[in-house]
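The sequence lines fix the lettering, A, B, ..., with proteins before strands; numbering per chain opens at 1.
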Amino acid sequence: MTMPYYVAPEQVMKDRAEYAQKGIARGRSLIACVYDAGVLLVAENPSRSLHKISEIYDRIAFAGVGRYNEYDQLRVAGVRHADTKGFAYSRSDVDARSLANLYAQHLGNVFTHEMKPLEVEILVAELGHGQRPTQLFHVAYEGTITDEVNFAVLGGEAEPIRQQFEESFTAGWGLAAALKAAARALAGPDRSLGAQDLEVAVLAEGNGRRTFRRLSDGELTTLLAS
Amino acid sequence: MALPLFDPAHDPGPDFTALLNREHGRVLPAPSENHVSVPHGTTVLALRFDGGVIMAGDRRATEGHSIAHRSMEKVFPADRYSAVAIAGSAGMAVEMVRLFQVQLEHYEKVEGVSLSLSGKANQLAQMVRAHLPLAMQGFVVVPLFCGFDVVEGTGRIFTYDAAGGHYEETDFQATGSGGRDARTTIKLGYRDNLSRAEAIELAVLALYEAADADSATGGPDLTRGIFPIVATVTKEGYSSVEESEIAERFEAAIERRRSLGGNAGGTLR
C-alpha cells in the first residue's frame with residue numbers, strides 16, 4: 001500500500017500563492033484613483049470588447065486583472081448580486097462594501113479549499129453620495145480586502161507603478177491630469193501608452209442615475225494631448 | 001448571502017427574472033382564489049412623430065367607481081431609448097414595469113450591449129404572458145411599449161394583449177378604458193411626420209377627449225395642478241415633457257373649448 005505524501009500546510013499555501021501571483025503577473029496592470037469629479041479607472045487593455053473595467057450598479061464599478069474568464073465570472077456575479085439586492089430592497093441599499101466582502105469571502109474560500117486559486121485581483125469602486133464616502137476596495141487573489149485611500153494599483157508589477165503614481169498624485173486634480181499620470185505610470189520608464197492601448201472609464205455625476213461612463217478613443221486622445 | 005455563482009448548466013444568463021426565480025422563488029404573487037378590489041390605471045397612448053415617439057398617460061387610478069389616486073404615474077422610462085406605459089391593475093403593473101426596467105439594465109450590464117428594440121418588446125411580452133394566471137383572476141395588466149430604434153432611426157410602438165401577444169403598430173395606439181376615445185382623436189388628427197409640438201398637442205387633445213368621455217380617465221386637475229404625463233423618446237433618449245409646457249397646452253385647449261360651448265367647433269383643436 002502506498003502512503004500519501006505529506007506536504008506541510010505552509011508549503012501548500014506558499015505554492016498556491018506563487019501560482020496565483022504568476023498568473024496575475026502575466027497580465028497588464030490597472031490604476032483606479034479619485035479625481036475632482038469622481039473616480040477614474042485606467043487599464044492597459046488593447047481590446048475594445050473584452051473589458052477589464054465594467055459597470056456593476058448605479059454608483060459602483062468593477063475592475064479586474066489576471067485571467068479574463070475568472071474575473072469576468074466574478075463581475076457577472078457582482079451584477080447579479082447588486083441587481084437582486086436593489087430589486088428586493090431599494091437602489092440606495094446597494095453598496096460596494098458588502099459586495100467587496102462577498103468577493104473576499106469567495107476568493108478566500110477558493111484559495112483554501114479548491115485545487116487551484118483564482119488568478120485574479122479585483123477592485124470594487126463606489127462613487128460617494130451624501131453620507132457615503134467614495135471608496136476603493138481592493139480584493140487580492142487569496143481574499144485579502146484593503147480599503148484603499150485615493151488610489152489603488154492592481155496587477156503583477158504593482159509596486160513600481162504604485163511608486164511612480166504616488167509621486168504624481170495630487171488631491172483634487174482634474175480628469176486630464178489624472179489620466180495622463182495613470183498612463184505614464186502604467187507605461188513605465190521605457191514605453192508610452194496611447195488611447196488605443198488604454199481602457200478608461202469614470203464614475204462621475206452628470207449622467208443621470210447611472211454614473212458609470214466609458215471614455216471613447218476620441219475623448220481619450222483629446223485628454224492625453226491636453 | 002453568498003455570491004450568486006452558478007454552474008454552467010444552471011446559469012440564468014442575462015435573464016433577471018430567471019435569476020430571481022432561482023434565488024428567491026416566485027417573484028410575482030401566486031394566484032389566489034379570492035377576488036379583491038385593487039386600483040386600476042386607465043388611459044395611455046403613444047404616437048410617432050418626425051423625431052421619434054411620444055407617450056402620454058392620465059394620472060387617475062380607480063377602485064371600482066371611486067378614485068383611488070389622482071397623481072399616479074403610468075408612463076415610465078424602460079431604459080435610455082424606450083418607454084413603457086401601463087393600463088390595468090395598478091400594483092401589478094407598476095411591479096411589472098420595475099422588473100422590466102431592471103431586466104433591461106441587467107441584460108445590458110451582463111452582456112455588455114443593450115437589447116435590440118424588438119428584443120425588449122419580446123421580453124415584455126413574456127412578462128405579460130407569465131402574468132396570465134393572475135390576469136384570469138382580474139388582475140389584468142396591459143402595457144404599451146415604445147422606443148427609438150437606434151438601428152433603423154425611427155420610433156416604434158408595440159401593443160400587447162392580456163395573453164402576452166404583442167403587435168407592432170405603424171403610427172399610434174392607445175389602451176385602457178379611455179383608449180377608444182383617445183385613439184379616435186389621434187386618428188382624426190394624425191398625419192406622417194408630425195413635429196414634436198404638433199404631436200404633443202395631439203396627445204394632449206386625445207387625453208382631453210378620453211377624460212371627457214370616460215369616467216375612469218382623469219383630465220387635467222386644475223384645482224390641484226395635476227396634469228397628465230407626456231414623454232418623448234428620440235435619438236437623444238427618453239425625456240419627460242416639462243409640466244409647465246403640458247399645463248399651458250391643456251389650459252389653451254380648455255380656453256378654446258370654453259369659447260365654443262365645449263365643442264371643438266369644426267376642426268380638431
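- Arg80(A) contributes a side-chain N or O that, together with a main-chain N or O of Gly13(B), makes up a donor-acceptor pair within less than 3.5 Å.
- The two residues Phe87(A) and Glu95(B) come nearest to each other via the heavy atoms CZ-OE2, 3.8 Å.
- Within a 6.0 Å sphere centred on CD of Glu157(A), heavy atoms belonging to other residues, nucleotides or ligands number 12 at most.
- Ion pairing between a basic and an acidic side chain is recognised when a charged N comes within 4.0 Å of a carboxylate O; Asp79(B) and Arg210(A) show no such pairing.
- For Ala77(A) against Leu5(B), the heavy-atom pair with the smallest separation is CB-CD2, 3.7 Å.
- Heavy atoms of Arg209(A) lying under 4.5 Å from chain B belong exclusively to its side chain.
- Within a 6.0 Å radius of NZ in Lys14(A), other residues, nucleotides and ligands contribute 12 heavy atoms or fewer.
- Of all heavy-atom pairs between Asp83(A) and His106(B), the closest is OD2-ND1, 2.6 Å.
- Other residues, nucleotides and ligands contribute at most 12 non-hydrogen atoms within 6.0 Å of the CZ atom of Arg97(A).
- Atom CZ of Arg129(B) is surrounded by more than 12 heavy atoms from other residues, nucleotides or ligands within 6.0 Å.
- Neither the backbone nor the side chain of Gln101(B) has a heavy atom closer than 4.5 Å to any heavy atom of chain A.
- Heavy-atom contacts from other residues, nucleotides or ligands closer than 6.0 Å to CD of Glu245(B) number more than 12.
- Taking both residues in full, the closest heavy atoms of Thr84(A) and Phe16(B) are given as N-CE1, 3.8 Å, listed atom of the first, atom of the second, then distance.
- A heavy-atom distance below 4.5 Å is not found between the side chains of Gln73(A) and Leu3(B).
- Heavy atoms closer than 4.5 Å to chain B are found in both the backbone and the side chain of Tyr103(A).
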